[in-house]
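Below: the structure, in structure tokens.
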Amino acid sequence: MLGGSFFLSPLFFRTINQTFNYKFVNEIAGQEGLYRVFFNGNQGQLAKAKDGSGFLGTIVNNGIVGQSRLQKVDSIPVNCNTTLPINPMFIATAIALKSIDMKLDTIKENRKNS
């Protein structure tokens, strides 16, 4: 029963939240990589390639309205949330071992005083 009650412990105590910046190393601007697209105030969307393989840098909105600008991304923020599993038997075993340890300390104290 004791193990079952610990199994239901709130996720708050078992969740680790971590944020870090993932840096892109050895990336050369102008080659394959991760880029941000800027429209420079133009309204529209990127033109699709005819073969459907991706997008072009052309901004279209009922015709061509401009060229987008690409800026190389050096790093991106990454948020990672992990929920740790709890094995109720490990907690029950830890409690039992602590109880045994306390009893051994009591026995040791009694021998000292005798």
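Residue numbers run from 1 in the order of the sequence given. Quantities reported herein were computed from a predicted structural model and do not represent experimental measurements. All values below come from the heavy atoms of this structure, side chains included, with hydrogens, waters and symmetry mates left out.
When every heavy atom of Arg69 is checked against every heavy atom of Asn40, the shortest pair comes out as CG-ND2, 2.9 Å. Across every non-hydrogen atom of Val78 and Tyr22, the tightest pair is CG2-CB, 3.9 Å. The heavy-atom pair separating Leu34 from Ile76 by the smallest distance is CD2-CG2, 3.8 Å. The shortest heavy-atom contact between Gly44 and Asn61 is CA-CB, 3.9 Å.
The number of heavy-atom neighbours closer than 6.0 Å to CD of Gln67, taken from other residues, nucleotides and ligands shown, is above 12. Enclosure of atom CG in Asn113 by more than 12 non-hydrogen atoms of other residues, nucleotides or ligands within 6.0 angstrom is indicated.
Under the 4.5 Å side-chain heavy-atom criterion for ILVMFWY residues, a single connected hydrophobic cluster contains both Tyr35 and Ile59. Side-chain heavy atoms closer than 4.5 Å link hydrophobic residues (I, L, V, M, F, W, Y) into clusters, and following such links, even through other members, never connects Leu56 to Phe39.
The main-chain N or O of Met102 is found under 3.5 Å from a side-chain atom of Thr106 such that the two form a donor-acceptor pair. Within the 3.5 Å criterion, the main-chain N or O of Ile95 finds no donor-acceptor partner in the side chain of Ser99. With hydrogens and angles ignored, the 3.5 Å screen pairs no side-chain donor or acceptor of Ser68 with any backbone N or O of Thr58.
Within the 4.5 Å cutoff, the side chain of Val37 has heavy atoms near those of the Leu46 side chain. Counting heavy atoms from C-beta on, the side chains of Asp74 and Lys23 never come closer than 4.5 Å. Side-chain contact between Phe38 and Gln71: present, with at least one pair of heavy atoms (C-beta onward) separated by less than 4.5 Å.
Taking CG of Leu97 as the reference point, atom CG of Leu104 lies at 10.5 Å (rounded to 0.5 Å). Considering OG1 of Thr93 and CD1 of Ile100, their distance stands at 9.5 Å, rounded to 0.5 Å.
The cationic group of Lys48 does not satisfy the cation-pi geometry with Phe55, failing either the under 6.0 Å distance to the six-membered ring centre or the 45° limit from the ring axis.
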